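Below are the structure tokens for one structure; questions will follow.
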Amino acid sequence: MDSFDFGLLIPIGVCVVLPIMIVWIVFKAKTNNDNKRADVLIKAIENNANIDAEKLAEALGKQQISAKELLNRRLLRGCMFTILGVAFSIIALMCSAAREDMQFISYILAALSFAVGIAYLIVYFVTRNTTAETEENE
């Protein structure tokens, strides 16, 4: 009988179980928040008939992010990921003489970080022009 390779459990746990658990936790947290809002609304309506339920629902609802704040977040994330890509590239160059496996991982991380950073920056610049045109029309 072959012995089980426990070294396989870590990649399976990280690649399969961890993403499923993260999605489940986020879903449960969102459901829990929605249920709490609904409970507060129901109790407020039960206790006081003079309360305006629509205004209370808006107050307890999710906060809307302004277009300018959304643009600033995209710019920040774009800069962060691009700088992270530069850092991984520098690490890869420094590891070129030491360990080749570390260099390969650093190049992959650098490429991914650059791609995400550039994508955020492209979306920022395109959306910025669209948002500026919308503000001028209003």
Side-chain angles (χ1 to χ4, degrees):
M1 185 170 199
D2 291 320
S3 65
F4 185 73
D5 184 19
F6 287 103
L8 189 62
L9 285 178
I10 293 173
I12 290 174
V14 170
C15 296
V16 177
V17 177
L18 186 63
I20 291 172
M21 290 301 295
I22 289 171
V23 169
W24 182 76
I25 289 170
V26 168
F27 177 74
K28 289 300 267 185
K30 186 174 185 305
T31 305
N32 190 25
N33 285 340
D34 291 343
N35 289 342
K36 284 183 181 180
R37 276 193 210 102
D39 289 342
V40 168
L41 278 172
I42 290 170
K43 293 228 183 216
I45 292 170
E46 287 175 354
N47 291 336
N48 190 355
N50 296 334
I51 256 182
D52 187 8
E54 290 178 18
K55 287 185 181 178
L56 183 61
E58 287 178 19
L60 290 175
K62 296 179 183 175
Q63 299 294 327
Q64 295 294 327
I65 299 173
S66 69
K68 189 144 186 111
E69 186 177 351
L70 185 61
L71 279 175
N72 288 338
R73 286 183 183 181
R74 287 178 181 160
L75 179 62
L76 176 67
R77 289 176 184 156
C79 292
M80 286 173 37
F81 277 108
T82 305
I83 290 171
L84 194 61
V86 170
F88 280 128
S89 297
I90 292 171
I91 290 171
L93 291 174
M94 290 171 54
C95 292
S96 63
R99 294 178 52 184
E100 289 187 22
D101 59 339
M102 190 73 164
Q103 180 186 13
F104 180 72
I105 292 171
S106 295
Y107 278 132
I108 289 175
L109 291 173
L112 289 174
S113 297
F114 273 131
V116 171
I118 297 301
Y120 267 117
L121 291 173
I122 288 170
V123 169
Y124 167 77
F125 286 114
V126 169
T127 310
R128 181 185 68 169
N129 293 337
T130 307
T131 311
E133 292 173 3
T134 307
E135 288 178 359
E136 287 178 5
N137 292 337
E138 292 176 355

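None of the values given here were measured: they were computed from a predicted structure. If you read the sequence from its start, that first residue is 1, and numbering goes on from there.
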- prompt: How long is the gap from CZ on Phe88 to CZ on Phe81, to the nearest 0.5 Å?
  reply: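 Phe88 atom CZ to Phe81 atom CZ measures 10.0 Å (nearest 0.5 Å).
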
message: Can you pull out every side-chain hydrogen bond (donor to acceptor under 3.5 Å, both in side chains) where at least one residue sits in residues 73-91? Sequence neighbours excluded, please.
response: Glu69-Arg73, Arg74-Thr127

message: Going by side-chain contact (heavy atoms from CB on, under 4.5 Å), name the residues that satisfy it together with Ile108, two or more places apart in sequence or in a different chain.
response: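 Partners of Ile108 under the side-chain contact (heavy atoms from CB on, under 4.5 Å) test: Phe104, Leu112.
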
Salt-bridge present (Asp34, Arg37; N to O < 4.0 Å):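 Salt bridge: yes.
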
field: Separation between CG of Leu70 and OH of Tyr124, rounded to the nearest 0.5 Å
entry: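 So the CG of Leu70 and the OH of Tyr124 are separated by 11.5 Å.
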
query: Are Leu75 and Leu71 co-members of a hydrophobic cluster defined by side-chain heavy atoms under 4.5 Å apart?
result: yes

message: Applying side-chain contact (heavy atoms from CB on, under 4.5 Å), can you list everything that pairs with Ile42, at least two apart in sequence or on another chain?
response: Glu46

message: Ile90: which residues meet the side-chain contact (heavy atoms from CB on, under 4.5 Å) condition with it, sequence neighbours left out?
response: Val86, Met94

- line: dist Ser113:OG -> Leu109:CG (nearest 0.5 Å) comes out at 6.0 Å

field: Student check: side-chain heavy atoms of Phe125 and Thr130 closer than 4.5 Å
entry: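 Not in contact.
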
message: Is it the case that the side chain of Asn32 and the backbone of Lys28 share a donor-acceptor pair, with hydrogens and angles ignored and the cut-off at 3.5 Å?
response: no

message: Who clusters with Met21? Use side-chain heavy atoms, under 4.5 angstrom, across I, L, V, M, F, W and Y, and order the result by chain and number.
response: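 Cluster partners of Met21: Val17, Trp24, Ile25.
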
message: Test of understanding: with side-chain contact (heavy atoms from CB on, under 4.5 Å), list the residues that count as partners of Met80, not counting sequence neighbours.
response: Leu76

